[in-house]
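Quick note on labels: first sequence line is chain A, next is B, and so on, each numbered from 1. Note that these values count all heavy atoms, side chains included, but never hydrogens, waters or copies made by symmetry.
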Amino acid sequence: MLTGQVLSVDFFERPTRRVARELLGKHLVRRLHGKTNAYMITEVEAYDGYNDLASHASRGRTARTEVMFGKAGHWYVYLCYGMHWMLNIVTGPHEYPAAVLIRGVKGVGGPGRLTKTLGVTKALNARTATRGTGLWIEDRGVRVPKRSIMRTPRVGVSYAKEWAHKPMRYVFDTGA
DNA sequence: ACGATGATGAAC
DNA sequence: TTCATCATCGTA
């Protein structure tokens, strides 16, 4: 089976926007019910720091957001609109609240559809992105030319004042 | 264009 | 304890 280099904590501990951009082209790998599937990441959003009004962390440290303040490389999974699980990976330094929302992979557009397809639920919240938890990220050598990366404002955060229109959404245009 | 559907956080 | 608010999606 073709595998790649599993991304370690070092990768995620860097500045959130950089991590977001570099996650494009990486592979989200899911092992569930004895089967392993890999999905190339094509769409992400950065949620960066206490001042980011679009981030849950802007309303302080709470039971839900605790994981965002924790160590990088952990999953932050929460329920949105009462029915969709959202999958994020914690980024940046310890105690600094930040994460990247994985919005889409090749063939599966939309964060809610993505978690449904991969069988991701609250059970993965606060777990590490390692093989042991059944959900991790690999570099399989896909090259992502700068030209193929689109930046846009984030989706569904119109309430976030000036943060609503910052280009913190990254899309890998594969042309396919 | 709109309703489903429930956790979350802030107000009371 | 109540209430408004959602980092969405399928159907119309």
Nearest of [options] to any side-chain atom of [X]?
X        : options              : result
A/Asn88  : C/dA7, B/dT5, B/dT8  : C/dA7
A/Leu79  : C/dC9, C/dA7, B/dG6  : B/dG6
A/Pro111 : C/dA7, C/dC9, B/dT8  : C/dC9
A/Leu101 : B/dA7, C/dG10, C/dA7 : C/dA7
A/Val155 : B/dA7, C/dA7, C/dT8  : C/dT8
A/Lys122 : C/dA7, B/dT8, C/dC9  : B/dT8
A/Met83  : C/dA7, B/dA4, C/dC9  : B/dA4

Does A/Arg59 place a side-chain N or O at less than 4.0 Å from the phosphate oxygens OP1/OP2 of C/dT5?
-> no

Counting only side-chain N and O atoms of A/Arg113, is one of them less than 4.0 Å from OP1 or OP2 of C/dG10?
-> yes

Is NZ or CZ of A/Lys166 both nearer than 6.0 Å to the six-membered ring centre of A/Trp163 and within 45° of the ring axis?
-> yes

Carboxylate-amine/guanidinium contact A/Glu45 A/Arg154, below 4.0 Å | no

Could you tell me whether A/Phe172 and A/Tyr170 have their ring centroids closer than 6.0 angstrom?
-> no

Is there a Watson-Crick or G-U wobble partner for C/dT11 with both distances under 3.5 Å, and if so, which one is it?
-> B/dA1

Would you mind reading off the distance between [X] atom [atom1] and [N] atom [atom2], rounded to a whole angstrom?
X       : N     : atom1 : atom2 : answer
A/Arg64 : C/dT5 : CZ    : C1'   : 10 Å
A/Leu53 : C/dA7 : CG    : C1'   : 14 Å
A/His84 : C/dA7 : NE2   : P     : 12 Å
A/Glu45 : C/dC6 : CD    : C1'   : 14 Å

Establish whether the base of C/dA7 is bridged to the side chain of A/His56 by a donor-acceptor pair shorter than 3.5 Å.
-> yes

Flag yes if more than 12 heavy atoms outside A/His33 fall under 6.0 Å of its NE2 atom; otherwise flag no.
-> no

Would you call A/Tyr81 stacked on B/dA4, i.e. ring centres under 5.5 Å apart with the planes less than 30° off parallel?
-> no

Does a side-chain heavy-atom distance below 4.5 Å link A/His27 with A/Tyr39?
-> no

Contact class for [X] (heavy atom, under 4.0 Å): base, sugar-phosphate, or nothing?
X        : answer
A/Arg154 : nothing
A/Met86  : sugar-phosphate
A/Lys116 : nothing

